[in-house]
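One structure below.
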Amino acid sequence: MRDVDLDIAHGERVLLLGPSGGGKSTLLAALAGLLADSGEQAGEITVDGLPPADARSRVGILFQDPETQLVMRRAGDDVAFGLENRGVPAERIWPRVRAALERVGFGYPLDRDTASLSGGEQQRLALAGVLALEPSLLLLDEPTANLDPDGAALVRQTLDRSLRGDRATLVLVEHRVAEALPLVDRVVALSPGGGVLADGPPDEVLRRHGDALAALGVWVPDAEPVPRRTRPTAPPGPMLLTARQLGYRYPDSPAPTRSAPERSAPALAGVDAEVGAGEAVAVRGPNGAGKSTLALLLGGLLPPSSGAVVASTALAGRYAGRPPHRWRAAVLAERIGSVFQNPEHQFLAATVHDELALGPRRAGHPAADVAKTVDDLLERLHLAHLAEANPHTLSGGERRRLSVATALAAAPRVVILDEPTFGQDLRTWTELLDLLSGLRDDGTAVVAVTHDADFVAALADRCLDLERPA
């Protein structure tokens, strides 16, 4: 981000647009006083006439990755944490905690273990912590990205009600423009070349700059639907992975009590699934249904508490008869590639280039093949200009694309992806779709955990729908 001139008045609701990696999250962090002295900085920012670091008590920010925002073991304590730090009288803290949790539809007791929450549930909890502070400036970085459709609608309704009754200022980052427009009265689009491309009322900005925004990858409302990536007429190949009555309970799950019997519910229970070569399977379901847990189990990254994951002989090779979670790590990575819900959990190298090269090098691929694989993935996923950057300095959308690329670099026969389109603009979303559909058509099994209905419609050959364990 550079050369941005912007004035936001009290009470305005601003939707911040731009391509993936265009500086939107950086601008929110700057407004919240969280950039400190990192990187190269120019210009100045004030909030109510103060440097952002001196105005933090007036600002509430929801990060793109909610896990980085949770600091306490119990859900109620996490929402109370900010109130306690701001010196709110004790008798007022817990009513505000309960009210905030109710507003975002967080359906668990106050002592729910935050480590056992799904990504979408963490998103709701983090948002409750921000709303409980009643900030005068509310900064939200993709607040519905990890939520199921019902949860996303509830959060948008909550924000609308919250902002309707006061003069709080909102700056919102969302890639799906149509869903965000009812919440805002102004749209600001950052230009990738620096400065502001467009600024004004939503209807005017979309009418005058819609084509330019679409060319940058912004999800302009009423754009042409993405055509379905049809699979060749041949049926899918042989089954590579089969799950039988699969279940998982986290080792530190709290014991049930009479007042909270739901605490004993497993993360996943009694799921049957199968994945064939050359097919794309979408895993859907509400937040807390166990979708990410299923992805970890199928990927051999968790041992099941009940049931089994069985790999075909063609996939397992000399490990035939052993479940994937008992394979050596290097063998697992080149046969079943996994993309985590939180991309930074799987980064190991100091540069993007070395991160992509790590998998094929460990698999013993020739140096020339490694270089070609890395270069191809960098170009396809628009990461070539970041080859020497540290993976942890990338934007959320860029980190997501890198995590997908690292899983694909070792050319596994099964790819399991958890929310692969999170944080993507339309251009990079389409590139991911084309890449995964090409892999499927070449015989790779693709399993995608997703709330993205457009992605499901464009790619999935069939869906596996989960429900919350009873």
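All residue numbers refer to positions in the sequence shown, counting from 1.
In summary, Asp113 and Arg73 engage in a salt bridge, as defined by a charged side-chain N under 4.0 Å from a carboxylate O. With salt bridges taken as basic N to acidic carboxylate O contacts below 4.0 Å, one links Asp434 and Arg229.
How far OG1 of Thr428 is from CZ of Arg380: 13.0 Å, rounded to the nearest 0.5 Å. The distance from the CG atom of Asn342 to the OG1 atom of Thr68 is 8.5 Å, given to the nearest 0.5 Å. Note that CD of Glu142 and NE2 of His175 are 4.5 Å apart. Values are rounded to the nearest 0.5 Å. The distance from the CG atom of Leu240 to the CD1 atom of Ile336 is 9.0 Å, given to the nearest 0.5 Å. Residue Leu432 holds its CG atom at 9.0 Å from CG of Leu408, rounded to the nearest 0.5 Å. Thr158 OG1 to Arg124 CZ: the interatomic distance, rounded to the nearest 0.5 Å, is 9.0 Å.
Distance alone, capped at 3.5 Å, is enough to place a donor-acceptor pair between the Gln69 side chain and the Phe63 backbone. Using modelled atom types, one side-chain atom of Glu355 and one backbone atom of Leu348 make a donor-acceptor pair closer than 3.5 Å. A donor-acceptor pair is defined here as one N or O able to donate and one able to accept, closer than 3.5 Å; no such pair exists between the side chain of Lys24 and the backbone of Leu172. At distances below 3.5 Å, at least one donor-acceptor pair connects side-chain atoms of Arg96 with backbone N or O atoms of Ala132. Of the possible polar contacts, none joining the Arg249 side chain to the Gly247 backbone as a donor-acceptor pair under 3.5 Å is found. Side-chain N or O atoms of Glu67 include none that pairs as donor or acceptor with a backbone N or O of Gly119 at under 3.5 Å. Proximity of a side-chain donor or acceptor of Glu379 to a complementary backbone N or O of Asp376 within less than 3.5 Å is not detected. Side-chain atoms of Thr444 do not come within 3.5 Å of backbone N or O of Arg413 as any donor-acceptor pair.
Taking the side chain as every heavy atom from C-beta outward, Val59 and Leu31 never approach each other to under 4.5 Å. For the pair Arg440 and Asp461, the minimum side-chain heavy-atom distance is below 4.5 Å. Tyr319 is listed as a side-chain neighbour of Arg328, based on a closest heavy-atom distance under 4.5 Å.
Counting only N and O atoms by type, the side chains of Arg399 and His392 include no donor and acceptor under 3.5 Å apart. Under 3.5 Å, the side chains of Thr144 and Glu179 contain no donor-acceptor pair of N or O atoms. Between Asp141 and Ser25, the side chains place a donor N or O and an acceptor N or O closer than 3.5 Å (distance only, hydrogens not considered). Side-chain polar atoms of Asp418 and Ser292 form a donor-acceptor pair below 3.5 angstrom. Remark: the Arg401 side chain and the Gln424 side chain contain an N/O donor-acceptor pair separated by less than 3.5 Å.
The aromatic rings of Trp429 and Phe455 stand perpendicular to each other, their planes meeting at an angle above 60°, with 30° marking the opposite boundary.
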* To do: For Thr293 and Tyr250, run side-chain hydrogen bond (donor to acceptor under 3.5 Å, both in side chains): C-alpha distance rounded to whole Å, both residues' side-chain angles, the deciding distance at 0.1 Å, then the answer.
  => CA-CA 10 Å; Thr293 302; Tyr250 284 94; 3.2 Å; yes
